[in-house]
Structure formats: C-alpha cells, structure tokens
Amino acid sequence: MYPSRFRYEAPRSIDEAIALLRDGGGEAKVLAGGQSLVPLLKLRFAAPELLVDINSLPGLDYHRVDADGTLRIGALCRHADLERSTVLAGRQPTMAAAAPLVADPIVRNRGTLVGSLCHADPQGDWASVVTALGGHVVAQGPDGRRDIPIADFVSGPFQNTLGYDEVAVEAVIPAPKGTPAGGYLKLERRVGDFATAGVAVAIELSGAVVTRAGIALTGVGGSTIDARDAAQSLVGGPLTAESIGQAADLAAQAAQPKTDHRGSAEYKRHIVRTFVTRILSSAVSKETQ
Ligand SMILES: Cc1cc2nc3c(=O)[nH]c(=O)nc-3n(C[C@H](O)[C@H](O)[C@H](O)COP(=O)(O)OP(=O)(O)OC[C@H]3O[C@@H](n4cnc5c(N)ncnc54)[C@H](O)[C@@H]3O)c2cc1C
C-alpha cells in the first residue's frame, strides 16, 4: 500500500525542526531512522500531514562518555553504531549485550536508539535497557530543553510524553557509581524478530555487594515493565544463589504476559525467570574470575 499524501521537510537546524513541528500543530511527525514510522505510513496506521526529517541536523549522530562517566546517545546514533561501539565495551555491559539483538543488520543500519524510545513499542529492546539503567531522555522544544526520566517518558504502548513540538535530542545513561555488570537476553522466534520475551539487568557492585540494580522486561506486558521489586531485592547484599532466585521469581511475578502465537503466558514468565537467573549467575562468574 502507498502512504497517504504528506508534506516533507528536511530542516538544517534543531530550531527549524521545532518551528516546523509547532506549525504542524500535532499533525507533524519526526522522521529519524524510519524503521518503525515508514511501515506505519505504508500500512496507513499513521497519516501525518507533515514529515520532519531530522537526518540533516548536524551533530546528533554521537554516542560519548562525559568525563564523569555519563553516557550520551544522540538522536541520530544508529543501532549499528552502538553494536560496533568501542565506548560501551566494559563500561555498559547491558547496552553492549542488547545492541546486536535489536532487529536485523539492515534495520540496525538506519534505526536509532532514541527513535526506538520515542516509538515506545512494548517489544522495543532499548526501552528495557534504558529503564534498567535508570536513564532519561532530553527533549528540546520552543521553551528550551527538559529531562524526562524514562519511567515518565514511555506512557503506554506506542505513546510517549513528548509535546507535539518537541524533538528528543538525546538519551542519557547516568554514570555508574560502582563496577557495572549485567546483560540483556532475548528470546526470538528467528534472528531479527521482535522479542517473545526479553530481560535487561543492570547492576553496580562495590566489591561483592550490589549497590544499585535495575531489571526491565520486554514483550511481556502492555509496555516496558520496570521490575523494581526484583531489582531492589538485590541491593545491599552479595549475589548468591538465594538472592538470584528471589530476584528471578519477583521479576517473573512482575511480568504480565499474554498467551499468543509466540507462546503461552506461563512459558514467557518462565523465560523471564530463566533469563534473570542466567544474567545474574554470569555476573557472579565474571566477578570471581
Ligand atoms: C523488520 C523490523 C524488525 C524490527 N525488529 C526490532 C526488534 O527486534 N527490536 C526492537 O527494539 N525494534 C525493532 N524494530 C524497530 C526498530 O528498532 C526501529 O528502528 C525503532 O523502533 C525506531 O527507530 P527509528 O529511528 O527507525 O524511528 P522512526 O521510525 O523514524 O520513528 C519512530 C517513531 O518515533 C518518533 N521519533 C523518532 N525519533 C524521534 C525524535 N528524535 N524525536 C521525536 N520523535 C521521534 C517518530 O515520529 C515515530 O513516531 C524493527 C523494525 C523492523 C522494520
């Protein structure tokens, strides 16, 4: 199917992009990698009057670490940039594990992490990773910039809290205060598919003690699930078979899966429990190496 007719603009500055969105009055859409928006246009699930293509905006294709360890990912940083990143290795194990699992190489070459957060697909991998890491999105609009914690940014399935005249300019991951550990595991029916279930675990350690933990779940609810109780149960003690088992059980309880063509609800809950156990057990074996 062909998309509905739309006007296309490719602004050269962020101010110009914001002005176009403002003039669009809610009928305009930002186009980043196009890997979610273009299929929606072709299926006519979306029919904006105006597309504001941000790909010509300078200086948004970065991902970098500040002197204090804060990681910043610009709106035009592609999934593939993160997959090939030398910045993430060692510093951000959860992100490094997720990057090669997002979609397929063709999609990864164009799609962006920030676009994935904006799209807010319950099966989006990055929203879980950024949730586990306690990140936020920086939005820029006519009144300047504001920080939106990821928990407040994703407001439901395919919904975010950006104003119609705001561009998400970057995602920010706070600097780890302890030694970072964790990972991302995803069960997919075939390579490149969306998750049947996915689990992001991000912990920080001081010696053997967990000082911070985040656990988030992909594809097992109406939106990304922040399994806070599971994560909190780990903080303040070492990773033991008992603490890992308890966190895995709490994460499985936090999941709200539905039975569908990808598997039964109980099967998906079982996957969540297994993935939390695997990621945390692997963190223990790396710690003792
Ligand atoms: C075949 C296929 C398989 C896929 N598999 C997976 C998968 O396994 N896991 C996964 O997580 N994703 C998957 N995706 C989705 C992919 O990751 C997309 O790249 C991502 O969801 C959206 O990023 P984008 O840059 O392409 O955004 P676009 O498609 O350009 O935009 C998506 C939405 O976000 C808005 N938006 C984008 N950027 C901004 C911004 N900077 N500011 C404001 N609004 C913005 C757009 O207006 C639009 O509403 C798949 C896609 C395809 C086509």
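Because the structure is a prediction, the values reported are computed rather than measured.
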Practice item. For Thr211 and Glu204, indicate whether the former's side chain and the latter's backbone hold a donor-acceptor pair under 3.5 Å. Key: yes
Review point. Is the side chain of Lys186 donor-acceptor paired with the backbone N or O of Asp125 at a distance under 3.5 Å, no angle test?
Key: no
**Study point:** Minimum-distance pair of heavy atoms, taken over all atoms of Thr218 and Ala195
**Key:** CG2-CB, 4.1 Å
Practice item. For residues Ala200 and Ala132, report the shortest heavy-atom separation together with the two atoms involved. Key: O-CB, 3.8 Å
**Study point:** Heavy atoms of other groups near Asp229 CG, more than 12 under 6.0 Å
**Key:** no
Point to revise | Least distance between heavy atoms, Ser4 atom then Ala47 atom | key: OG-CB, 3.7 Å
Practice item. Spell out, yes or no, whether Phe194 and Phe275 are grouped together once hydrophobic residues are joined by side-chain heavy atoms under 4.5 Å, including indirect joins. Key: no
Review point. Considering residues, nucleotides and ligands other than Tyr164, do more than 12 of their heavy atoms fall under 6.0 Å from its OH?
Key: yes
Point to revise | For the student: nearest non-hydrogen atoms of Ser155 and Thr161, plus distance | key: CB-CG2, 3.8 Å
Point to revise | Sole residue of Asp193, Thr196, Val199 in side chain to side chain contact (heavy atoms under 4.5 Å, CB included) with Leu187 | key: Thr196
**Study point:** Criterion side-chain hydrogen bond (donor to acceptor under 3.5 Å, both in side chains) on Thr70 and Asp68, from CA distance to verdict
**Key:** CA-CA 6 Å; Thr70 304; Asp68 70 354; 2.8 Å; yes
Point to revise | Heavy-atom closest pair, residues Ser36 and His119 | key: OG-CD2, 3.3 Å
Exercise for review: Might you work through the side-chain contact (heavy atoms from CB on, under 4.5 Å) test for Thr94 and Val201, ending with a clear yes or no?
Suggested key: CA-CA 7 Å; Thr94 311; Val201 178; 5.9 Å; no
Review point. Any sub-3.5 Å donor-acceptor pair from Arg108's side-chain atoms to Pro100's backbone N or O?
Key: yes
**Study point:** Heavy-atom side-chain contact between Met95 and Trp126 under 4.5 Å
**Key:** yes
Practice item. Mind checking the CD1-OG spacing from Ile215 to Ser128? Nearest 0.5 Å is all I need. Key: 11.5 Å
Practice item. Mind listing the closest non-hydrogen atom pair of Arg212 and Ala202 along with its distance? Key: NH1-O, 3.6 Å
Exercise for review: Rounded to the nearest 0.5 Å, what's the gap from OG1 on Thr131 to CD1 on Ile225? Could you check?
Suggested key: 11.0 Å
Exercise for review: Check Asp81, Ile73, Val102, Leu76 against Leu113 for a side chain to side chain contact (heavy atoms under 4.5 Å, CB included) and give me the one that passes.
Suggested key: Ile73
Exercise for review: Keeping the roles fixed (side chain from Arg269, backbone from Ala255), state whether a donor-acceptor pair exists under 3.5 Å.
Suggested key: yes
Point to revise | N-O pairing of Lys258 and Asp260 below 4.0 Å | key: no
